[in-house]
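Please read the structure below before turning to the comments.
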2 protein chains.
Amino acid sequence: MPHAFDRHDHGTCIASALRAAEETCDGRGLSLTPLRRRTLEILLESHAALGAYDVLARLEAEGFGSKPPVAYRALGFLVDNGFAHRIEGLSAFVACARPGAPHAPSFLVCRSCRRVAEEAIEAPLAPEAEAEGFAIERTVVEAQGLCPACRPHAKGAA
Amino acid sequence: MPHAFDRHDHGTCIASALRAAEETCDGRGLSLTPLRRRTLEILLESHAALGAYDVLARLEAEGFGSKPPVAYRALGFLVDNGFAHRIEGLSAFVACARPGAPHAPSFLVCRSCRRVAEEAIEAPLAPEAEAEGFAIERTVVEAQGLCPACRPHAKGAA
DNA sequence: ATGCCTCTTGTTATACTATAACGACGCCGG
DNA sequence: CCGGCGTCGTTATAGTATAACAAGAGGCAT
Ligand SMILES: [Zn+2]
Ligand SMILES: [Zn+2]
Ligand SMILES: [Zn+2]
Ligand SMILES: [Zn+2]
């Protein structure tokens with residue numbers, strides 16, 4: 001499933017993610033407005049993370065508003081509802097690879113091409129939190145490095 | 001060891017962290033200048049994460065430079081050499097709880113008081129990365145939530 | 001139909017985070 | 001002496017994010 005770095009039928013990725021978003025919105029009484037839907041489509045175009053201002057530029061070019069809150073609100077909606085994730089290490093956003101199912105996402109993030117593979121792993125700090133009396137609300141797990149495509153020709157880790 | 005949320009002798013934390021930094025710098029030919037040392041001391045005052053501009057304000061009040069690069073460079077030095085860590089989820093910095101020993105840190109981060117407990121765990125995405133041919137260079141693991149002290153009286157998770 | 005409420009999108013303005021680029025100074029080896 | 005290097009300081013700018021307010025659309029009770 002985490003095939004962001006593999007050759008795959010990406011049209012299927014896009015179609016199933018959009019369908020999952022539609023169904024989830026239906027089920028929860030949320031509205032997937034043109035702005036929100038288009039924002040998701042833009043993220044879905046590739047498995048690369050996009051900055052909010054990259055998304056904003058695309059939206060503006062298509063006739064939507066041109067000011068930061070337009071993009072941040074649409075992205076916030078997608079993130080809040082699990083259709084997209086924020087990659088903390090890049091201050092950027094990526095479409096969810098498993099929309100619909102609730103999940104604690106983790107990511108392999110290529111520092112060269114910014115593509116992101118979403119993985120499903122166990123919450124890794126649960127036992128420690130338990131022992132300390134710490135109530136975990138959200139866990140960020142991001143491995144940064146080089147993807148198979150970038151590995152050969154990217155410059156050193158520094 | 002991860003006692004940021006427990007009552008403990010914090011003077012010992014500070015003293016041993018400073019000593020470890022001195023020894024590491026000695027051993028590697030690095031210079032722990034007054035600016036860098038003071039920056040580390042400021043971070044060590046509590047186990048809470050501080051923003052770069054919080055640190056900068058403290059430094060300025062003590063006669064150091066007042067412009068962002070002053071703080072960012074000192075913090076960069078501390079992070080590069082393992083004396084402090086950056087908390088991605090807060091865009092903030094915290095003193096390392098295990099200076100001297102190389103380690104892949106992970107954190108319990110309280111969203112209310114910003115205190116941080118540093119834990120030692122295994123790199124959680126290694127098998128997935130192996131399977132994909134992805135070369136991990138750095139892994140961010142941060143659990144955000146409420147610490148034992150803040151749990152009773154903090155507002156809801158939203 | 002009118003008024004009211006909520007949600008969405010748009011705006012202006014501002015705050016917060018971070019780095020590039022250049023200058024001055026001290027130190028040390030040649 | 002002097003040249004290179006490392007550190008600290010500056011100015012200026014880039015990049016990320018949110019607060020606060022205005023306007024329109026649609027639902028729904030009166
Ligand atoms: Zn795909
Ligand atoms: Zn790549
Ligand atoms: Zn302590
Ligand atoms: Zn707390």
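Labels below follow one simple rule: chain letters A, B, ... track the order of the sequence lines, proteins then strands, and each chain is numbered from 1.
- At the phosphate of D:dT7, OP1 or OP2 sits under 4.0 Å from a side-chain N or O atom of B:S31.
- The distance between atom CZ of B:F77 and atom P of C:dT19, rounded to the nearest whole Å, is 17 Å.
- The distance between atom CG of A:L35 and atom C1' of C:dT11, rounded to the nearest whole Å, is 14 Å.
- Distance B:D54 CG to C:dT17 C1': 12 Å, rounded to the nearest Å.
- A:L59 places its CG atom 12 Å from the P atom of C:dT11, with the value rounded to the nearest Å.
- The nearest whole Å value for the distance from the CD atom in A:E62 to the P atom in C:dG10 is 12 Å.
- Protein atom CG of B:L32 is 17 Å distant from nucleotide atom P of D:dG6, rounded to whole Å.
- Note on A:R138 versus A:E88: salt bridge recorded, some NZ/NE/NH1/NH2 to OD/OE distance being below 4.0 Å.
- Spacing between atom CZ of A:R28 and atom P of C:dC7 amounts to 16 Å, rounded to whole angstrom units.
- Taking all atoms of both residues into account, the shortest heavy-atom contact from A:P148 to B:E132 is CG-O, 2.9 Å.
- By the neighbour-count criterion of 12 heavy atoms within 6.0 Å, atom CD of A:E130 is sparsely surrounded, having that number or fewer from other residues, nucleotides or ligands.
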Heteroatom pairs (N/O) under 3.5 angstrom, protein to nucleotides 22-25 of chain D:
none

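- One finds the CZ atom of B:F93 at 5.0 Å from the CG atom of B:L75 (value rounded to the nearest 0.5 Å).
- Here C:dT11 presents its P atom at 16 Å from OH of A:Y72, a figure rounded to the nearest Å.
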Extract from the structure each pairing of a protein N or O with an N or O of nucleotides 10-15 of chain D at less than 3.5 Å, listing the distance.
| residue | atom | partner | partner atom | Å |
| --- | --- | --- | --- | --- |
| D:dT10 | OP2 | B:S66 | N | 3.1 |
| D:dT11 | OP2 | B:K67 | NZ | 2.8 |

Going through the distances and angles, do A:L18 and A:L44 end up as a side chain to side chain contact (heavy atoms under 4.5 Å, CB included)? CA-CA 9 Å; A:L18 282 174; A:L44 282 167; 4.0 Å; yes

(message) As a quick check of understanding, evaluate salt bridge (charged side-chain N to carboxylate O under 4.0 Å, His left out) for B:R38 and B:E45, giving each step before the final call.
(response) CA-CA 11 Å; B:R38 189 68 197 116; B:E45 284 177 6; 3.8 Å; yes

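- The shortest heavy-atom contact between A:S106 and B:L125 is OG-CD2, 3.6 Å.
- Counting heavy atoms from C-beta outward, B:V94 and B:H85 have side chains that approach closer than 4.5 Å.
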Original post:
Taking it one step at a time, do B:C13 and B:H47 satisfy side chain to side chain contact (heavy atoms under 4.5 Å, CB included)?
Top reply: CA-CA 10 Å; B:C13 286; B:H47 291 282; 3.6 Å; yes

